[in-house]
Amino acid sequence: MAITAAQVKELREKTGAGVMDAKKALVETDGDMEKAIEFLREKGMAKAAKKASRVAAEGLTGVYVNGNVAALVEVNSETDFVAKNEQFVSLVNETAQIIGDNKPANNEEALKLTVASGETLEEAYIKATATIGEKISFRRFALVEKEDSQVFGAYQHNGGRIGVITVLEGEDGALAKSVAMHVAAMKPTVLSYKDLSEEFVHDELAQLNHKIELDNESRAMVNKPALPFLKYGSKAQLTDSVLAEAEAAIKEELKAEGKPEKIWDKIIPGKMDRFMLDNTQVDQQYTLLAQVYIMDDSKTVEQFLDTQNAKVIAFTRFEVGEGIEKAANDFESEVQATMAAALNK
């Protein structure tokens, strides 16, 4: 039977399929709309299966905040230009919303949730893979909850490649968003030094000292004095006895310099602050509270929040593709190779 333009349009509106795919489905099913929809669904699953082994390391984060619940999601595609696709962006936003509203326990539960179209989230991703033409995958999500007295700060950077949610106590959303911006830029992994294991600090301190060793080799070649190695890397290592020894050493230094004792009280606090700064470099790299605040580089995040009578309760940060190994023969390379072959014919 002849397939009309109206039938093709109706099928496209119902499935999001391309013109040629919609027409072919109707031809294959003799114009039966329901069978054509099923035909496209099966074709979409087949297409998605073929793309399952591809690496999807691009994409977007999605943020959804509703009352005392916030959701942060990461959805991946094979190329970054798909992240600007209207269908893809809509899917990311709907994913964040449905997860925030339903609070699934894991990805498996999330993919069983029903979206506005009546499909499951899993079916929506299969359909997106078929219609967009790239592997589209739902990678991960985080649910963040707060109390009535607390506030969320939500921020997305670089077009949505980085997404952050913070929870603050004692302030409004403006400061919470500023802290979220800091988290996006400075990449802390935990809140405070208390969240770092002893083994982790030990390993990171060894890495820092290895870099100093390499730097000293270069400095020696140009007759520059060697830099001292670090004995400590975290506030967790700076016990009362360590701090007492540091203060005693400072007093001996001041005495040797001939500084009168009556002014020591004005000098020692600054030198102790310097001692803390020099010996908490692991904290400064990985913990939010110990980092220098990007909005006021004279203070750490913790010190600045103290001036505002505010406190960070929690934060979550996603960066698209972090931890994913992108294959050398990725989709963009395939496209470039295909285009080059076509031009050479």
Side-chain angles (χ1 to χ4, degrees), residues 63 68-70 72 140 142-147 149-155 157 162-209 211 230-247 269-319 322-323:
V63 175
N68 284 347
V69 179
L72 178 62
R140 55 179 172 164
L143 283 167
V144 184
E145 298 191 48
K146 70 174 186 67
E147 298 176 1
S149 60
Q150 298 166 345
V151 293
F152 283 128
Y155 176 68
H157 181 68
I162 298 172
V164 179
I165 295 173
T166 59
V167 180
L168 262 67
E169 193 170 76
E171 251 300 335
D172 59 21
L175 180 55
K177 183 175 181 179
S178 292
V179 174
M181 292 172 69
H182 172 99
V183 171
M186 301 306 293
K187 303 182 181 181
T189 58
V190 294
L191 184 60
S192 84
Y193 71 93
K194 296 176 183 178
D195 301 312
L196 298 176
S197 71
E198 184 177 341
E199 181 182 4
F200 180 83
V201 173
H202 178 272
D203 291 345
E204 288 299 314
L205 185 58
Q207 289 293 323
L208 288 171
N209 279 325
K211 290 178 182 177
L230 301 172
K231 190 174 180 181
Y232 307 105
S234 172
K235 191 175 179 180
Q237 298 174 311
L238 303 182
T239 61
D240 290 343
S241 62
V242 169
L243 294 174
E245 286 177 13
E247 185 172 344
K271 285 187 173 288
M272 285 300 294
D273 285 345
R274 184 70 218 185
F275 175 82
M276 292 288 291
L277 191 65
D278 289 342
N279 290 280
T280 56
Q281 292 190 36
V282 176
D283 293 352
Q284 292 165 46
Q285 183 172 351
Y286 293 102
T287 74
L288 173 58
L289 294 178
Q291 290 181 334
V292 174
Y293 188 39
I294 59 172
M295 305 297 182
D296 182 351
D297 61 10
S298 69
K299 298 179 179 65
T300 65
V301 172
E302 185 172 30
Q303 289 168 342
F304 183 83
L305 291 176
D306 283 345
T307 68
Q308 306 298 308
N309 296 314
K311 181 180 178 183
V312 181
I313 304 301
F315 73 90
T316 301
R317 181 187 188 276
F318 282 177
E319 184 167 350
E322 58 189 349

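Worth saying up front: this structure is predicted, and the values here are computed from it rather than measured.
Taking CG of Asp273 as the reference point, atom NZ of Lys271 lies at 11.5 Å (rounded to 0.5 Å). Between the CD1 atom in Ile162 and the CD atom in Glu322 there is a gap of 8.5 Å [rounded to 0.5 Å].
Applying the side-chain hydrogen bond (donor to acceptor under 3.5 Å, both in side chains) criterion to Gln308, with sequence neighbours excluded, gives no partner residue. For Arg274, the side-chain hydrogen bond (donor to acceptor under 3.5 Å, both in side chains) criterion is met by Asp278, not counting sequence neighbours. By the side-chain hydrogen bond (donor to acceptor under 3.5 Å, both in side chains) test, Lys146 is found to be paired with Asn68, residues two or more places apart in sequence or in another chain being considered.
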For this session: Take Thr307 and Gln303, measure what side chain to side chain contact (heavy atoms under 4.5 Å, CB included) needs, and give me the verdict at the end.
Result: CA-CA 7 Å; Thr307 68; Gln303 289 168 342; 5.9 Å; no
Exercise. Going through the checks in order, is the side chain to side chain contact (heavy atoms under 4.5 Å, CB included) test met by Val144 and Leu72?
Worked result: CA-CA 8 Å; Val144 184; Leu72 178 62; 6.0 Å; no
For this session: Given side chain to side chain contact (heavy atoms under 4.5 Å, CB included), test Gln284 with Val292 step by step and report yes or no.
Result: CA-CA 8 Å; Gln284 292 165 46; Val292 174; 5.6 Å; no
Exercise. Going through the distances and angles, do Val179 and Leu305 end up as a side chain to side chain contact (heavy atoms under 4.5 Å, CB included)?
Worked result: CA-CA 9 Å; Val179 174; Leu305 291 176; 4.2 Å; yes
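Closest heavy-atom contact between Leu196 and Thr287: CD1-CG2, 3.6 Å. When all heavy atoms are compared, the tightest approach of Thr280 to Lys235 is CG2-N, 3.6 Å. When all heavy atoms of Thr189 and Phe315 are compared, the pair lying nearest together is C-CZ, 3.9 Å. Taking both residues in full, the closest heavy atoms of Leu230 and Asn209 are given as N-OD1, 2.7 Å, listed atom of the first, atom of the second, then distance. When all heavy atoms of His157 and Ala184 are compared, the closest pair comes out as CB-CB, 4.3 Å. Ala142 and Thr316 make their closest contact through CB-CG2, 3.7 Å (heavy atoms, listed as atom of the first residue, atom of the second, distance).
Residue pairs meeting the ring pair (Phe, Tyr, Trp, His ring centres under 6.0 Å) criterion with at least one partner in residues 275-295, sequence neighbours excluded, are His182-Tyr293, Phe200-Tyr286, Tyr293-Phe304. Residue pairs meeting the salt bridge (charged side-chain N to carboxylate O under 4.0 Å, His left out) criterion with at least one member in residues 179-204: none, sequence neighbours excluded.
Two residues are said to be in side-chain contact when any heavy atoms from C-beta on lie closer than 4.5 Å; Val69 and Leu143 meet this criterion.
Without hydrogens or angle criteria, Asp283 side chain to Ala290 main chain gives no donor-acceptor distance under 3.5 Å. Of the possible donor and acceptor atoms, one in the side chain of Gln291 sits under 3.5 Å from a partner among the backbone N and O of Gln285.
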Without placing hydrogens or testing angles, list every side-chain donor-acceptor pair under 3.5 Å for residues 237-246, not counting sequence neighbours.
residue: Gln237; atom: OE1; partner: Gly233; partner atom: N; Å: 2.6
residue: Gln237; atom: OE1; partner: Ser234; partner atom: N; Å: 3.3
residue: Thr239; atom: OG1; partner: Ser241; partner atom: OG; Å: 3.1
residue: Thr239; atom: OG1; partner: Val242; partner atom: N; Å: 3.3

